[in-house]
Structures are given as structure tokens and as C-alpha cells.
Protein chains: 4
Amino acid sequence: MLKVGLLGAGRIATVHARAITGHPGSKLVAVADVVTAAAEKLAAEFGCETRSAEAILNDPAIDAVLIATSTDTHSGFIEMATAAGKAVLCEKPVDLSLERARACLAKTAKTGRPVMIGFNRRFDPNFAALKAAADAGEIGKRELLTITSFDPAPPPVAYVKVSGGLFRDMMIHDFDMANFIMGAAPVKISATGSCIVDAEIGAAGDVDTAVVTMTYADGRIAVIKNSRRAVYGYDQRIELLGAEGLLEAENVLENTVVKSTAAGVTSAKPTYFFLERYMPAYMAEWAAFVAAVSTGKPVPVSLADGVLALAMAEAAAQSVATGMPVAVPVV
Amino acid sequence: MLKVGLLGAGRIATVHARAITGHPGSKLVAVADVVTAAAEKLAAEFGCETRSAEAILNDPAIDAVLIATSTDTHSGFIEMATAAGKAVLCEKPVDLSLERARACLAKTAKTGRPVMIGFNRRFDPNFAALKAAADAGEIGKRELLTITSFDPAPPPVAYVKVSGGLFRDMMIHDFDMANFIMGAAPVKISATGSCIVDAEIGAAGDVDTAVVTMTYADGRIAVIKNSRRAVYGYDQRIELLGAEGLLEAENVLENTVVKSTAAGVTSAKPTYFFLERYMPAYMAEWAAFVAAVSTGKPVPVSLADGVLALAMAEAAAQSVATGMPVAVPVV
Amino acid sequence: MLKVGLLGAGRIATVHARAITGHPGSKLVAVADVVTAAAEKLAAEFGCETRSAEAILNDPAIDAVLIATSTDTHSGFIEMATAAGKAVLCEKPVDLSLERARACLAKTAKTGRPVMIGFNRRFDPNFAALKAAADAGEIGKRELLTITSFDPAPPPVAYVKVSGGLFRDMMIHDFDMANFIMGAAPVKISATGSCIVDAEIGAAGDVDTAVVTMTYADGRIAVIKNSRRAVYGYDQRIELLGAEGLLEAENVLENTVVKSTAAGVTSAKPTYFFLERYMPAYMAEWAAFVAAVSTGKPVPVSLADGVLALAMAEAAAQSVATGMPVAVPVV
Amino acid sequence: MLKVGLLGAGRIATVHARAITGHPGSKLVAVADVVTAAAEKLAAEFGCETRSAEAILNDPAIDAVLIATSTDTHSGFIEMATAAGKAVLCEKPVDLSLERARACLAKTAKTGRPVMIGFNRRFDPNFAALKAAADAGEIGKRELLTITSFDPAPPPVAYVKVSGGLFRDMMIHDFDMANFIMGAAPVKISATGSCIVDAEIGAAGDVDTAVVTMTYADGRIAVIKNSRRAVYGYDQRIELLGAEGLLEAENVLENTVVKSTAAGVTSAKPTYFFLERYMPAYMAEWAAFVAAVSTGKPVPVSLADGVLALAMAEAAAQSVATGMPVAVPVV
């Protein structure tokens, strides 16, 4: 039974609390949050203690720490937790600074403790099935990947300002997905970004619509498309052309009802946002973490994976800023 | 080059004229219609003569006659044309009277001339592909067939009154389709019919919604569903359950555009009615007739097939009238 | 907090245990099963006591009883539990004997206690959405209903022998669904049944493939199709034609991946069987029961609904036996 | 009645001959081809004369010329035909040299004769419906366009060598489609290309897989993806994200049959290649040309449109060569 401390008590921490308490091999011991009321609410709902982060990190009875705090604290908590011998599952991104993330990776590596980064989409059953089919050789050599990832509505501008920007905050999931599907890191990134959805996002120095093209050492190509607004719901699709076929992971719809009237044939919309779409993925992510930590096998998404995705985000941001392709640094 | 005379110059005759003139192996020589203006209009459009039906039937230079006149003249023209040595393609139904149709079959058989009945749906590429897959054994033994056949809107009541009723006029296509797909005639028919779409149809003594269940000697089952109204378009689908799978032929849509908005995900409607849906089928039907007649092979839909479908329609009508299952007579 | 006793510890009881323990408003106190080992296993998994059925029924601290025992004990347990003042959720069918079920309904009615029958499919999100759209008038007056309900593989013959037959065991769900969707009971049932899937089922006196046509007092029509075998998975679809359109609830697929190769375009299969397909429905069913019992509102599926579905199953069985339509008795 | 001369008698010329002869408002008078046998075969099939190109161009009785010869002759024939007062429909591309195409445009403009370029895909009913929906404001402001355009199999290397390369030969259709859908020319093109399908294509100096990102003056973005190989058939899709929704034009499938077996749920493949997919588009293209020429209205795809698409192809080729974004010149 893995004894778990939870850092953070916000929306995504609550999702993780449900996964931890719903798993037969893990137990939520305590939660910490700088907002005491949030911690108490979560503790009451899931039947655990509230403590300070330090108390959690210093408790030898706690085996693993799930970090779901604000981004600026991630790398610090990862270092403290691994230094204290804990296994760690940390929400993405590792940090907004690539340099800081690299330092965290170097420091953590010395502890030998497992650190998994929460790229939950790898555990979406649809994307996982696509990856499995590709790995099984069902479409031959992978040649051209397209990831479509549109949010239903733009976030508040206040959030945009602290988010690190579209590439580090939103597309970072897609960078990791590309690495996951293609089984390699690209060598070059060429990004185009615009502010055409919400002028306030542009005023805050960010883009809301972006297309990134990535090339691999062997000539393969990947394209990622992001928009902060798709009024019909959370649009999350993957399409992979191979030498022997095409794999597509379509959207998950709210239900299977189809209505035919004089106005046309209408189906349900995609599920609204990430909580609806990716809840099974969060559950599977936690199960994968528990399975790895329990057996001593490597975690399926490493801290290095998190740093690589961040490096790609930084390259994309630089490409938009300069209007030029950017080489992807080796992590 | 097959020299063809066309009896009838109405809407469906025009469809056939297009098929005859568009086929490299046939030539439309003349058209006849009791409405002279209609014949002249068709003749002008397709570049052929107008003649009387007798003149067409008695012209030794004419090889084949396509009968697209009113139903009450079908069996008479079939008999005359075959007696004159012509090959015949006749629109369905053979006759409204089963007894008359049987007499026509007996008389025609003696001439040895080919007579094909216009069950055009057998030549729809989708239904033909379903049939081919079933024949290729792709779903194993056929067990349970469902035919959905809804018109977009009810016909004028004046038409209903002379049509012979829903079973002889509309469902007769589906009876033939069941025979085509199942490769056998049923032994028993149990029909349910209601007038729930248009009360005038009921006042005219007909039903506008019907479900027919048919059982085969070996226990297999088929269901046909008809409605005179599907406001979203012509709904023409087939579903066949077999021991090793299911085959479905879906509707043909107006186009492939899908629109996702806050209101849902909307596709195009099915093509509106039989002219839109079955135009390729009419072309393929004619090509099959020409191929059979030219090579001396049997026509793919025989006069006996037409009589069988009529017998099934009569059994269904009787089942609705009596509320009891009815045995299908041997044709 | 609703305190719940669970009668039965088999497969379906385990599903219900998960629903009870997963709901914030209910607590699983104890489980009873004649197979002691089964009860102990379930109790260990969900953290509750094991007791005898009598001890559960006689415990005044228990508010509600969930009956998931063998069918022959349902009506007796319903009577005992309501006599003891419990609210009841009982698996379908109420009984294999319509007479016995009616007696149970009469006896239970006097207690005034809520009894809900486990027609879980009413709570399937897809069927519920179809029903909601119909109730909202989105396709106008309901005219023609088709329910397709195929199991992936036939049950063991030993099960078939005690099941009460396809109509009472399998199609009973579809009878209730028809009542749910059409908002009325039919007046006449005409059934066709065959043994074409597994000869042993026929030897046991049952059918494995059946089509039932039902007519309503106002002329509307419903068709139910059952097969014990659909090798591609659990095929559970509903199609409702109305005066202003068509509503279809399609199958739930295992995932959204589509693969295009030289062999064709392939999607995932329907989820395998009822545990996969209807797990969300079981959860929603229990939530609806808790909500009704907690607020004193009527349960959404009544004991009378259960007796009606049984009466329809009996009429269908009689129709197959006699080859004649059968009037549906008033419950 | 538009009297038409056809220059060229190859595969695509035959398609056009079918359109010309099938249209009630046009008549195919003569065909010319340097390969005499080809001209005679086409003439025999469609019932027209064979002549030299000069004879066609100099015949005052000929109203319009359709140019379907090899690319290197296009601009010359356009100039001669317009100088002779003919209306022209010319296959794409205008020329392989942008400079030459511009000269042709300048020279032709002085004649005032209508010149239409054969971007037939604008007339595909699916793409036309998508465009119409966007023009009708159904998804609000257009923001992000994606065009997927994969050939089923790479052409012979001999063809690749004279084709002008993937951008001028294949993607030129997609450049025009982007202009058509977005209603504007982009200002910047960033292209990535690889040879990963067929090494011989690379040896011939071309790419076989390419992704092009285009940005518009107002920040909107378009992406075009090309591959020379999609083993499942001709993959021709468009996806347009707007402020109020998404429009997708899906592939046209060979038929509507769906097969469900233990192996999965399988649909038909996309139609194999451009002749199958775009035959209706070729017919509609010719009808649009006849309608414009007959009424004196502007042709729907101008020579300037053809020059613009060529300029975009040249920019894309340059971007791949330099690894840098390229500004789109004003045509």
C-alpha cells in the first residue's frame, strides 16, 4: 500500500485525490495547501489529514508525493521530495525556465528516486490505443503526425500572464504526445503563432492560435495545431500517416445519439473540456505510477521527458519571436 | 448495338432514356406515350422518334422494349413484346393482380424471350456491395435481415388510390430486396400496418406505416419497415446479421461536410428521394440488361422474381387485413 | 446516509456493491449470500459485514435492500423487505411467473414502501439522451420504434434452462425500454422466434433469435430484435422515427481509433458485454434510487413496470408458441 | 451552343471530352494531339474530327478551346487561343516558370478573352458545400485552415522529373484551394519537405512528403499537408476552424457498407484516385465555364488565380531549399 502525500488542493489536485483514493494500492495520507481552507475541504472530502508541505515531505511514513501546486514551486518540491527519498508524480510543466528544469533534472538524478511528469494524455485510452497500433506495426513506418488540440474557450487573461504562454502551458502536452507517438525527439521546430481569438491575450504578449512543424533526423514530420477556442468543445485528435496506412484517434463525444431532421443529421459534441475528456486518463496515469513504483520499474513518463517537452516549447516560442526555425537542444 | 423502343414518357421513362442513350451498346430508336406532348418532349431531348406503342412493338428492327407505362398496362405490353420477339425490361410491379401476373408469366415463358423486372435497387452500388460481401461469406450464414425503407414524404392521395397500396407499390421493392439478399423466398409473412402519418391515406383504405416479419423454411428471419414520411430524406438502409458478423448499408448523404458548432455536430442529410439516390442504380440496371441480352445469359431479375414479390405483397396485405400470419404461396 | 443491505454476492451484486460504496449518500452495511465464500469475498473487497438475509431484513438500522439473488427468490425478498419497512431495489425480472409477480405487486403496494426494478438501461446516458430528446419534442410525435439488442455470445445451456427463456430473461429489458421510450404499453404483440444460433438452445425449448412487433392503441408500432450472438460485441441500439425526424442511439465503441489501410477503414468494436457497456448506467441507476428514496419521490422504475415487462414477455412467448398475435393484458 | 476545340487527347483530355459532350450547351468539334493515334481514338469515341492545333485555333467557327496538353505548351496555347478570340479553359499549372506565367497573364489580359484555369477541386460538391457554409457565416470568421491531400501512390520517377516538383505539380491544387477557402492570398509561406516515401524521388531532386504553413496579413493561418503515398486511397480532406465552429469535408468512400466482425468495424476505403473522386467536379467545372462564357460573366477561376498558385508553389520550393520562410510575391 503506497502512502501518499498530496501537495496542492486545487482543481487538478482534487482529480488526483480521487485517483489516489480510488486505487486499491494507494492511500491518501495528507494534503497540504497554502490556502488552508482548500486543504481542509479536500481532506474532508477524501478522508485524510491536512499538514504543511514540509511535514509531508519529512514524514518517513510517506512513500510518494503528488505535486499539484503552482508551477513555480514544482522543481523545488521535486528536489525536496526526492532528497527525502519519496517517489514523485508532478504535474506539468516541470518549470517555466528550461535552465531551472535542467538543474532539477541533474539534482534529482543523483537521488535515484523515480520522478514521473503528469502528461496524462499518454494514458487516454484512445491515444494509448493509437500508439499501441503504431507500435504493433499496423501502419508500418511512421511518416507524418498531426496533433489537433483546441481548448473550448480561452482562459482568463490573468491566467495567461502567469502561464508561461501557449507553448509552455498548452502545447507542452502536444510536444510530449509527439515524442510519445513518434518515439523520438525532433531536431528542428518551426512555429507560427497569432493572436486572432482574443486581443487581450495578444496584449498580454501571448498567442492564441499556433501551428508548429517539427522535423526529425530521418526526415519524418510532425505538425501540432493549437487554438484557445473551439466553441463546439474540447477538440483533441491525433492522426498518424505511415507507410502502410493511417491511424486516427477521433474525439470522444458526449453520447452516441444521432438526430436526423429536416435541418440535417446531428450528433453530440465532443466532451466539454479536460476534466470530462481525460478523467479516465488521470485514473490510468495514477495506476501506472503505482505499478512502476511498486515494482521498481521505470516510470512511464520521466522527468527528462518533462524537460524535453519544455525545451521544445522554448524553441517554439523562440521560433515565433524570430520568425525562423530553431534547432531543438539535446536534453 | 441494341435498338430500343421506350413505352412511356413520364418521369421514370426519362430516367431510362438517359440510361439507354448513355450506354455505348444501346440506341434509343423511338418512344411512345398516350400523352403525345410527353413523348415529343422526350424524343426531342434524347434525339429519337415518336411512334405508337403498336408501331414500336411491330417493328422488326427493334430488339428490346423498355416498359415504363402505367402499371395496368405492364402485363399486356410484356405479353405483346415477347410475342413479337423483343427482349423486355419492365418497371415494377408486373401487375396489381397476382392472378394476372401469373398468367403473364405462363404466357411469356412459352416465348423464351428474356423479361427483366426493374427492381433497380439490386443495382445500387451499396446494396450490391453488401450482397457481394454476404455471398463471399464475410459474415457467415445469414440469420436476421432488416430493411429500412422510408420515403421522404407521402404521395398525393390520388396516387395512393391507384397504387395498389403500400405493399404492392412501395414495399414490393423491399420484398424483392429480401429475396435478393437472403437468396430464398420466405414461407410465412406477418404484417402490421397503421395509418399514422396522413389520415387521408387511411381514408383511402391504405396504411402509411408498416412492419413486416418474414420467416424462412430454415428458421431465418427478415424484417421490413416502411414509412411514407421521413422528413430528413430518403432513408434506405439494410442490415444483415450473420453467424460471423453484421453487414450494414448506410444511407448516401448529400455531401461529406460535417459542421461542429455550439449546437452540435451536423452532417448532410440523406439524398432526397429515389432519383437522387438511385440514379447510379438505374444506369447499372440498364447495363446489366444490355449485357445479359447481348450475351444470351439470363437477365439478373426475372419475371418470376416480379411475380414472387407481388405474391409477398399480397400476403402482407392479407395479413394486415386479417391480423394473422399468412403463408407465402409458391410462384 | 442510506444504510444498505445487499442480498446476493455474485457478479451483478458486485457491480451494485461498487455503486453503493461509490455513492456519497449510501453505505454498504452488510451482504448475504447462500454461498458463504462469495459473501465473504465481496465483504472483504468493499469493507462490509456478512450476515444472513434474515439478519439484514430484520435489522432496523438498515434503510434499503438491494436484491441481486437468483430470480426465484426475488418476489419473496421484495415482500419480506417491504414488510420490514425497507426501500428496495431489485434486479429484473420480478419473477418468472406473471401470477406470482402480480401477487407480489398487490402485497407490496399495501406497505407503501418504494420498490424499484433494476432496468438499468433506462439510465444508460445514450438511451437517456434519446428519451430526453424525444420528450423535448425534437422529432415530434413518436411513430415507429426499433430496438436492436444482440448479446455477443449465447449463455451456457444450463443457464438457458433456468432463465425463463429469451423473452423473460433477455428481451424483458427491451420490453421495458419500449415502454420507457414510447410512454405507453402496447395493446398487441406478435412474435417470431427461431433457434438458428445454437441447436442446444432449441433442444432446451428456447429460441435464440427473435423479432417482436408491438402495436399501440393509437396505431404506433415498435419492433424488437434479439439475437444471442453478435460476434463483434454487445449490439445495443435504439432507433425512433417521429413525425419530424429520427433519433438513433448508436453503440458505444471500445475507443475512437480509426485505422485506414489497403484492407479498408476499421474502427473499434462495440464494448464487449453489459458490464463494459452499462457500468455508467448501473452507477446512475443507484444514484436515482438514492435520490428518490432520500426525497420521498417515486422511484423512476416501479414494481408495476417490472410486472408489465413480464406480462409482455409472457405474451411474446405465447405468440411464438401459437403463431398468433396476443393481446397484452392490463397490469 | 458553344463549339469547342480540344487540345490534347490523353487521360485528362478524355475526361474533359466526356464533360463537353455530356453538356447540353456545348459541342466537341475537333481534337488535336501530337500523337495522332491518341487524337483518332478520342475522336472516334466522342464523335468529333481530328485536326492540328493550328487548325483548331484558326477556325473562326470554334468558340472555345480546352487545353489539356503537356504543361510546357500551356502558356503558349493560352496566348494563341486568346489572340484568336477564343475563350479558354486550361489545365493547371499555367507554366512551370512563374516569369513565363506572368508574361502570359499580361499578354492575355490585353485580349479581354476569358481564361479559366482547371482547378477542378473548387467544383467538388463537398468542398463547394464547405466553402458555401463558410461564406454563409456558419462558423464565423475563418481562423485556421488545414488541407490534407495525399495521393494513393507515388508517380513514376520519370514523371516526377518533368513535373516541376511536388509543390508545382501536386500541392498547387491545395494552394488554390486555400486561396478559394480563405478568400485571400497569404503573405508568408514556410515549408518543410522530405523524401521518406521513395528514395528515387529524392534522387530526382524532389520531396514526397511536405507540410506548408501559410500566414495571412490579419494573422490567420493555413496548413497544407501532402504525401505521395496513402495506401488506403486518395485522401482529400479540408478542415476549417472558425470563431463559431469547425467545418470538415471528409473523404468520399467507395460505398456505404459497414462490416462488423470479431476483427472490428470496417468501412469502405476512400475512392481510389482523382478520376474516381473528382469526376463530378470535372463535370461541374465545365458547366461553370460554359455558364460564364455564355453569359459574359467572369470565369470562376481566373488566369491570375493560376499565376498566384504558381507563385505560392515557387515560394514553398524556395522555403524548403533555404530552410527559411518566404514572402509571397504580389501577382
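The figures that follow rest on heavy atoms only: side chains count, while hydrogens, waters and symmetry mates do not. Residue numbers begin at 1 in each chain, while the letters A, B, ... track the order of the sequences.
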Residues pairing under side chain to side chain donor-acceptor pair (under 3.5 Å) where one sits in residues 270-280 of chain D, two or more places apart or in two chains, turn out to be D/Asp124-D/Arg277, D/Gln236-D/Tyr278
Among C/Pro270, C/Ala262, C/Ala230, the residue with the most heavy-atom pairs under 4.5 Å to chain D is C/Ala262
By side chain to side chain donor-acceptor pair (under 3.5 Å), C/His16 pairs with (sequence neighbours left out) C/Glu91
Minimal heavy-atom distance between D/Lys269 and C/Thr261, with the atoms involved, is CD-O, 3.4 Å
Checking heavy-atom separations under 4.5 Å from chain D, one finds in residues 133-158 of chain C none
Could you tabulate the donor-acceptor pairs under 3.5 Å formed by side-chain atoms of residues 189-199 of chain C, not counting sequence neighbours?
residue	atom	partner	partner atom	Å
C/Ser194	OG	B/Gly219	O	2.5
C/Asp198	OD1	C/Glu200	N	3.0

